[in-house]
Amino acid sequence: MEIEKKFKVKQLPDNLDGYEQKHIEQGYLCVNPVVRIRKSNDRYILTYKSLAAGSDDKNTDVRINNEIEVFLTKEGYEHLKEKVDDNLIIKTRYIIPLEDGHTGELDVFGGVLEGLYFIEVEFESEDDAKNFLPPDWFGENVSDDKRYANSYLSKCNDLSVFL
């Protein structure tokens, strides 16, 4: 189970290079349910993701997914990469410890999505998510905005969807 919130960023933190980084490329074989492949540094992962029952309630600002991950070999990843729909997403993920003990995952996109960035925070429970107070440098909660879903972004050829 994945419980997360996604936020715009008002201002990128200083010294991004000082944080742990993951260089990610990912593609989608299916978007409903989500079947995704991802290369994260030297790890290769196949993910199945589906919306958890009740998490499409518009009275919540939390996104809850059922998620299963399995590791792939490099060869398996490369084989599936040839079969992805639409665009491969390229991004650098910065792992940023937050003062309250949570961890932010700041995604800075490259390629056709150059200039886009947002941050996700994962939670232990729905209550944990509901009680979360974002730091001042976080912007608007966009957890329910489909434009910030990577599966949606994989279909974009530029950032015009945000204009």
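Just so it is clear, the values below take in all heavy atoms, side chains as well, and ignore hydrogens, waters and symmetry mates. Bear in mind that the values here come from a model prediction, so they are computed numbers and not experimental data.
Scanning both residues, P135 and L98, for their nearest heavy atoms gives CG-CD2, 4.2 Å. The two residues E124 and D128 come nearest to each other via the heavy atoms N-OD2, 3.2 Å. Minimum heavy-atom separation, C156 to L113: CB-CD2, 4.2 Å. The shortest heavy-atom contact between L153 and R147 is CD2-O, 3.1 Å. Nearest approach of K6 to A149, heavy atoms of both residues: NZ-CA, 4.0 Å. Among all heavy-atom pairs drawn from A129 and K5, the shortest one is O-NZ, 2.9 Å.
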**Prompt:** Can you list the steps and then say if L29 with I37 is a side-chain contact (heavy atoms from CB on, under 4.5 Å)?
**Reply:** CA-CA 8 Å; L29 303 167; I37 58 167; 4.1 Å; yes

**Message:** Walk me through whether L80 and L72 qualify under side-chain contact (heavy atoms from CB on, under 4.5 Å).
**Reply:** CA-CA 10 Å; L80 291 172; L72 295 170; 4.1 Å; yes

**Prompt:** Does the side-chain contact (heavy atoms from CB on, under 4.5 Å) test come out yes or no for E122 and I3, once each step is laid out?
**Reply:** CA-CA 6 Å; E122 290 191 14; I3 303 169; over 6 Å; no

**Request:** List the steps and the verdict of side-chain contact (heavy atoms from CB on, under 4.5 Å) for V108 and K91.
**Result:** CA-CA 5 Å; V108 177; K91 61 186 177 181; over 6 Å; no

**Asked** Does the pair F118 and F7 meet the rule for a ring-ring contact (aromatic ring centres under 6.0 Å, His included), with working shown?
**Response** CA-CA 6 Å; F118 54 76; F7 298 88; over 10 Å; no

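Atom CG of D42 is surrounded by 12 or fewer heavy atoms from other residues, nucleotides or ligands within 6.0 Å. Within a 6.0 Å sphere centred on NE2 of H23, other residues, nucleotides and ligands contribute more than 12 heavy atoms. Environment of CZ in R43: sparse, with no more than 12 heavy atoms of neighbouring residues, nucleotides or ligands closer than 6.0 Å. For N41, the CG atom is densely surrounded, since the number of other residues' heavy atoms within 6.0 Å is greater than 12.
K39 places none of its side-chain heavy atoms less than 4.5 Å from the side chain of I24. Counting heavy atoms from C-beta on, the side chains of I95 and T103 come closer than 4.5 Å. Side-chain contact between V9 and L106 is present, with heavy atoms from C-beta onward closer than 4.5 Å. Under the 4.5 Å side-chain criterion, counting only non-hydrogen atoms from C-beta, N150 is in contact with F109. Side chains of L46 and E69 form no contact here, defined as non-hydrogen atoms less than 4.5 Å apart.
With hydrogens and angles left out, the side-chain atoms of N141 and K8 include no donor and acceptor closer than 3.5 Å. For the residue pair S125 / D127, no side-chain donor-acceptor distance below 3.5 Å is found, with atom types taken as modelled.
The pair K81-E25 meets the salt-bridge criterion, since a charged nitrogen lies less than 4.0 angstrom from a carboxylate oxygen. Electrostatic pairing of E2 and K49 counts as a salt bridge here, judged by a charged N lying under 4.0 Å from a carboxylate O.
At a threshold of 4.5 Å between side-chain heavy atoms, the hydrophobic network of Ile, Leu, Val, Met, Phe, Trp and Tyr places V34 and Y148 in one connected group. Connection of Y117 to I96 is established within a shared hydrophobic cluster, with ILVMFWY side chains joined at heavy-atom distances below 4.5 Å, either directly or through further cluster members. Side-chain heavy atoms closer than 4.5 Å link hydrophobic residues (I, L, V, M, F, W, Y) into clusters, and following such links, even through other members, never connects I90 to L116. Both I119 and F123 are assigned to one and the same hydrophobic cluster, defined by single-linkage of ILVMFWY side chains at heavy-atom distances under 4.5 Å. A continuous path of Ile, Leu, Val, Met, Phe, Trp and Tyr side chains, each step under 4.5 Å between heavy atoms, connects Y77 with V70, placing both in one hydrophobic cluster.
Rounding to the nearest 0.5 angstrom, the gap separating the CD atom in E4 from the CD atom in E120 is 4.5 Å. Interatomic distance, Q26 CD to R38 CZ, rounded to the nearest 0.5 Å: 4.5 Å. To the nearest 0.5 angstrom, S151 atom OG is 9.5 Å from R36 atom CZ. One distance of note links OG1 of T92 with CG of D107; it measures 9.0 Å at 0.5 Å rounding.
With ring centers used as reference points, Y152 lies 6.0 Å or more from Y28. For Y44 and F71, the gap between ring centers reaches or exceeds 6.0 Å.
Note on ring orientation: taking the six-membered ring where Trp is involved, the planes of F138 and F132 are tilted (angle from 30° to 60°).
Judged purely by atom type and a 3.5 angstrom limit, N87 has no side-chain atom pairing as donor or acceptor with the backbone of I89.
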